[in-house]
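Structure, as structure tokens:
Lettering follows sequence order; numbering is per chain, from 1. Side chains are part of it too, since the values below use all heavy atoms of this structure and drop only hydrogens, waters and symmetry mates.
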2 protein chains.
Amino acid sequence: MRKTKQLKLLLNEFNQKEDAISIVELVNKFSDKMNKTTVYRILDRFEKEGILHWFIDNDGLKRYAKNKKKSNTKEVHPHFLCEDCGTTSCIPINIKLPSIPEYIIKTSEHFLTGQCKKCLS
Amino acid sequence: MRKTKQLKLLLNEFNQKEDAISIVELVNKFSDKMNKTTVYRILDRFEKEGILHWFIDNDGLKRYAKNKKKSNTKEVHPHFLCEDCGTTSCIPINIKLPSIPEYIIKTSEHFLTGQCKKCLS
DNA sequence: CATCTTGTTGCAATTTAGTTGCATTTATAA
DNA sequence: TTATAAATGCAACTAAATTGCAACAAGATG
């Protein structure tokens, strides 16, 4: 991957905050810095490189978040949307893949909503 | 709710098969029987009546499935997409809401992929 | 340092899911 | 049978995401 200035801007964004960020949010934030197509493509590359992972949130919007360790396997942890502050974040707990009789489970997405610790304190 | 022929067609569809059906699928299947707007609106009514519930699948598509019992509260059970046969279904097990320290959990969506029992046997 | 190669970007056009307003139709209660 | 409110069809619209192609620029090579 070439270190273009657009790539650096996006990478920096994910290094600044831990939250999961929606593509729409990024496209708007950087609308004067880069084309929306570029945002989509860079995020796509980041995912393939194992830097980010993504999931579909409650609204059907795609969100990206940083991986803890570089890996190409999708991380298995819940994603949480706070109804109060609106931030979506990865919950750093290991969810054990549920075992269902007669099924083979390969991937698991867990999406939660409620109130986060910041908004409760 | 009036028993229109469009409503009966859709209701029949959900009575025929247990699987979760995407709106897109229904719009295509009944494109010569009713307008797509009608599909959206009838499904919306079914949900308000507690006949169906919905969730966003892996692709960001809205899917509807029958409720076991009539209720207006969202059911808490995992949804499963079989990679082989492509069907999405409700897994009839009770998922206990995960408890996360310092968080209040209100809703929980669990989306799984893998292979279903039909495809394994 | 200059130049070449190819990965990357911008732009415009397109696709697709989902929504809205309004005129018309139809289920059903009176 | 008729009135009326609910439901439908249609066309236009919004918004997310994708695609093709020409232009650009990172960084490797000489």
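With hydrogens and angles ignored, a donor-acceptor pair under 3.5 angstrom links the side chain of B/Arg2 to the base of D/dA6. A donor-acceptor contact under 3.5 Å links the side chain of A/Arg41 to the base of C/dG10. A donor-acceptor contact under 3.5 Å is formed by the side chain of B/Lys36 with the base of C/dG18.
For the salt bridge (Lys or Arg N to Asp or Glu O under 4.0 Å) with A/Glu13, the qualifying choice from A/Lys8, A/Lys33, A/Lys29 is A/Lys29, the only one to do so.
Ranked by how close their nearest DNA chain C nucleotide is to the 5' end, B/Leu61 and B/Lys5 are led by B/Leu61. Mapping A/Thr4 and B/Ile23 onto DNA chain C by nearest heavy atom places A/Thr4 closer to the 5' end of the strand.
For B/His79 and B/Phe55, the ring centers are positioned less than 6.0 Å apart. B/Tyr103 and A/Phe80 have their aromatic ring centers within a separation under 6.0 angstrom.
Atoms CG (B/Leu7) and C1' (C/dT25) sit 16 Å apart, rounded to a whole Å. In this structure, CG of B/Asp59 is placed 11 Å from P of D/dT18, rounded to the nearest angstrom. Rounded to an integer number of Å, the gap from OH of A/Tyr40 to P of C/dT15 is 17 Å. As rounded to whole Å, 16 Å separates atom P of C/dT9 from atom NZ of A/Lys33. Residue B/Met34 contributes atom CE, which lies 19 Å from atom P of C/dT25 at whole-angstrom precision. One can place CG of B/Asp32 at 16 Å from C1' of D/dT8, the figure rounded to the nearest angstrom. For the pair A/Asn35 CG and D/dA17 P, the computed distance is 15 Å after rounding to whole Å. To the nearest angstrom, C1' of C/dA17 lies 17 Å from CG of B/Asn58.
When side chains are defined from C-beta on, A/Leu52 does not count as touching A/Asn67, because their heavy atoms never get closer than 4.5 Å.
Considering only side-chain N and O atoms, A/Gln6 lies nowhere under 4.0 angstrom from the phosphate OP1 or OP2 of D/dA25. Close to C/dA17, at under 4.0 Å from its OP1 or OP2, lies no side-chain N or O of B/Arg63.
Within 4.0 Å of B/Val27, counting heavy atoms only, lies no atom of the nucleic acid at all.
In summary, the side chains of A/Asn15 and A/Lys66 do present a donor paired with an acceptor at a separation below 3.5 Å, with no hydrogens or angles considered.
Here the side chain of B/Thr37 is nearest to one of D/dA16, C/dT9, C/dG21, namely C/dG21.
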